[in-house]
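Within every chain, numbering begins at 1; the chains are lettered A, B, ... in the order of the sequence lines, protein sequences first and strands thereafter. All values reported here derive from a predicted model rather than from experimental measurement.
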Amino acid sequence: MADPSSHVHGYPGRLFVFEGLDGSGKSTQARLLGKWLSSQGYRVFHTEWNSSELVSNIIRRGKKKGLLTPTTFSLLHATDFADRFERQILPPLRAGYLVVCDRYSYTAFVRDSARGCDSAWVRNIYDFAPSPDRTYYFRVPVAVTLRRKLASRLKISYYEAGMDLGLSDDITESYLKFQGRLKREYDRMVATDAFTVIDAERPVERIQMDLRLDLRPLLEDFPTGETLQHEG
Amino acid sequence: MKDRTYGTPLPGVSEEPLTGRLIVVEGADASGRSTEVEILREWLEIEGHPVVDTGLRRSTLVSEQIDRAKEGHTLGGATLALLYATDFADQLENKILPSLAAGSTVLADRYIYTLMARAVVRGASREWAQRLYAFALRPDLTLFLDARPEILMHRAISKYGSLDYWESGMDLSISSDRFESFLEYQTRLRHEFGWMEEPYGFRVIDANRRPDQVHRDVAEIVRPLFEAPPEKKRRSPVPATSRSRRAGSE
């Protein structure tokens with residue numbers, strides 16, 4: 001796995017994916033890692049998959065009219081991901097960048113499965129997205145993500161709590177149930193999708209150190225920005 | 001629900017019996033498709049059947065977004081294909097299924113087959129497109145109005161005075177010459193419809209002819225569907241695997 005030439009997708013760049021529940025700390029880690037990689041002279045492209053304006057507008061409208069179903073919800077997010085992939089992820093990957101992805105297709109797999117979509121159907125849709133060189137899964141108990149959320153005075157959103165599934169009328173209880181489903185789906189994929197599991201309950205600095213240690217061998221022969229832009 | 005779709009169940013959709021019939025009319029732009037849908041609707045209503053019509057890009061959810069995206073010509077192949085799929089899923093769940101459950105005949109002016117053909121000529125694999133649309137309801141009847149690209153071109157020019165950017169597949173950069181691009185694009189689409197005939201059970205209508213001739217063939221195929229009471233028909237819907245037959249070509 002440490003051999004830098006044996007990556008799976010065949011593009012000159014490398015793809016590092018950060019996955020995990022909301023509040024698992026993955027975004028903080030992705031940003032810190034991107035900073036470090038840039039400081040080492042590599043060309044880095046950082047991208048987050050949060051709902052784009054297009055999708056959030058449609059979702060807001062659909063929610064008001066009660067039009068959204070698991071299938072349209074899933075397809076809408078797939079459209080959004082495809083747009084990001086074709087516009088933001090693929091070009092830097094082909095240009096030889098280190099692409100740091102905060103959420104990738106796995107986010108859709110867990111969310112859509114938790115909503116009852118056929119998982120083979122969902123996987124087929126995302127077939128255009130290549131397997132990453134590394135997928136870090138930030139594993140953390142659901143109760144911890146809730147605690148972190150409450151501590152930072154963030155409100156639980158309707159879809160984050162899976163309120164559309166009718167698991168409970170109480171938003172906190174629904175959140176715990178729905179996020180629990182997501183976690184089970186993530187846990188299941190550890191083996192099938194070669195996740196590198198990160199114990200996300202540890203201090204931020206310790207986790208970051210581990211990530212850097214883990215990535216270093218993958219980058220041994222990887223060209224820095226300087227060598228990409230100037231010959232000789 | 002699963003046995004009524006192409007293999008993937010629709011989660012969260014009620015299992016109401018669908019007593020109406022789904023009739024799909026497929027064909028390229030200027031194949032006479034919309035004219036035939038109008039005639040068919042008129043005829044069925046006169047016969048006393050409630051008809052609801054549906055088509056592509058009519059969902060309240062995303063049709064606006066599709067129009068905007070098309071104006072900008074900025075979306076990639078997979079993105080556009082998925083945006084269309086979202087639009088279709090919305091129409092299926094919020095319009096087609098409720099109408100069928102209410103006993104109406106749903107006349108679909110284009111269906112997943114056009115969307116699959118468009119996606120494939122833009123680089124998607126057939127398998128990907130087929131699996132993507134596995135949640136679609138199997139129609140009771142699919143009529144494919146088949147016309148040669150040259151005929152389509154003459155009709156399009158006489159109808160609109162020019163060849164449309166999208167119907168000419170200009171986004172594919174086949175040729176900067178719109179005339180050439182139109183013919184090539186329509187040939188590729190026709191080729192995709194060609195392989196679907198058999199597995200999706202198309203009834204192929206020779207649409208190189210006049211509308212009245214086309215309708216005569218269509219009426220002959222549609223009539224038996226309404227002869228038996230709907231309850232009886234429902235137990236033996238036209239299976240999607242039934243052999244396609246080329247009507248009116250002899």
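When only modelled atom types and interatomic distance are considered, B:Asp90 and A:Thr72 share no side-chain donor-acceptor pair under 3.5 Å.
A:Tyr186 pairs by the ring-ring contact (aromatic ring centres under 6.0 Å, His included) definition with A:Tyr137, not counting sequence neighbours. Evaluation of the side-chain hydrogen bond (donor to acceptor under 3.5 Å, both in side chains) rule for B:Arg41 yields B:Glu45, B:Asp53 as partners, not counting sequence neighbours. By the salt bridge (charged side-chain N to carboxylate O under 4.0 Å, His left out) test, A:Arg188 is found to be paired with A:Glu185, residues two or more places apart in sequence or in another chain being considered.
Salt bridge A:Asp22/A:Arg103: present, at least one basic N to carboxylate O contact under 4.0 Å. With salt bridges taken as basic N to acidic carboxylate O contacts below 4.0 Å, one links A:Arg115 and A:Asp164.
Ranked by heavy-atom pairs shorter than 4.5 Å toward chain A, the options B:Gly77, B:Ala124, B:Ala78 are led by B:Ala78. The candidate with the highest count of non-hydrogen atom pairs below 4.5 Å against chain A, out of B:Ser125, B:Pro11, B:Ala85, is B:Pro11.
Distance alone, capped at 3.5 Å, is enough to place a donor-acceptor pair between the B:Arg33 side chain and the B:Ala28 backbone.
Listed in order of number, the residues of residues 119-126 of chain A that approach chain B to under 4.5 Å between heavy atoms are A:Trp121, A:Asn124, A:Ile125.
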